[in-house]
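Remarks on the structure that follows.
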Amino acid sequence: MSAAWSAEQRRILAALGHTLYRPANVPVAVVPGGPLASALLRAAGLDPATTDFEAWLRAQRLPSLASLRADPTAKRALWPRLRALRRGGTGR
């Protein structure tokens, strides 16, 4: 049996309120943008392994990673939006 959950299993377990952890023997997917991109997706409640980060960033009208890295004000403004996305709001 595979150690990884299928997309349907993850969806059902998430709907039941379960937190899924990555098994130790499953490698972490490489997300374009590196650890910051992965952190942003996780903070929004998304799976970095299955989400197209660049498309998500554009769809949410968020600043580029370069802007976030360089501008502390943009970074501070981002977190309330990510929390709203995680709760299911629009974040705007």
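Sequential numbering from 1 along the given sequence is applied to the chain's residues. Note that the structure is a prediction, hence the values are computed from the model and not measured.
Of all heavy-atom pairs between Ser67 and Ala74, the closest is O-CB, 4.5 Å. Here the closest non-hydrogen pair linking Leu65 and Ala37 is CD1-CB, 4.2 Å. Summarising the geometry of Ala77 relative to Pro80, their closest heavy-atom pair is O-CD, 3.4 Å, with the distance given to 0.1 Å. Shown here for Leu85 and Gln60, the closest heavy-atom pair between the two residues is CD2-OE1, 3.2 Å.
Annotation: side chain of Leu40 is not in contact with side chain of Leu62 (no heavy-atom distance under 4.5 Å).
Remark: Ala15 pairs with no residue by the side-chain contact (heavy atoms from CB on, under 4.5 Å) rule, at least two apart or across chains. For Arg42, the salt bridge (charged side-chain N to carboxylate O under 4.0 Å, His left out) test picks out no residue, with sequence neighbours left out. For Ala14, the side-chain contact (heavy atoms from CB on, under 4.5 Å) criterion is met by no residue, not counting sequence neighbours. Residues passing the salt bridge (charged side-chain N to carboxylate O under 4.0 Å, His left out) test with Asp71: none are found, sequence neighbours excluded. For Arg69, the side chain to side chain donor-acceptor pair (under 3.5 Å) criterion is met by no residue, not counting sequence neighbours.
The distance from the CG atom of Leu68 to the CZ atom of Arg76 is 12.0 Å, given to the nearest 0.5 Å. A distance of 12.5 Å separates CD of Gln9 from NE2 of His18, quoted to the nearest 0.5 Å. Once rounded to the nearest 0.5 Å, the distance linking OG1 of Thr51 with CG of Leu41 reads 5.5 Å. Ile12 CD1 to Ser6 OG: the interatomic distance, rounded to the nearest 0.5 Å, is 7.5 Å.
Side chain of Arg10 to main chain of Asp47: no donor-acceptor pair is present (N/O by atom type, distance under 3.5 Å, no hydrogens or angles).
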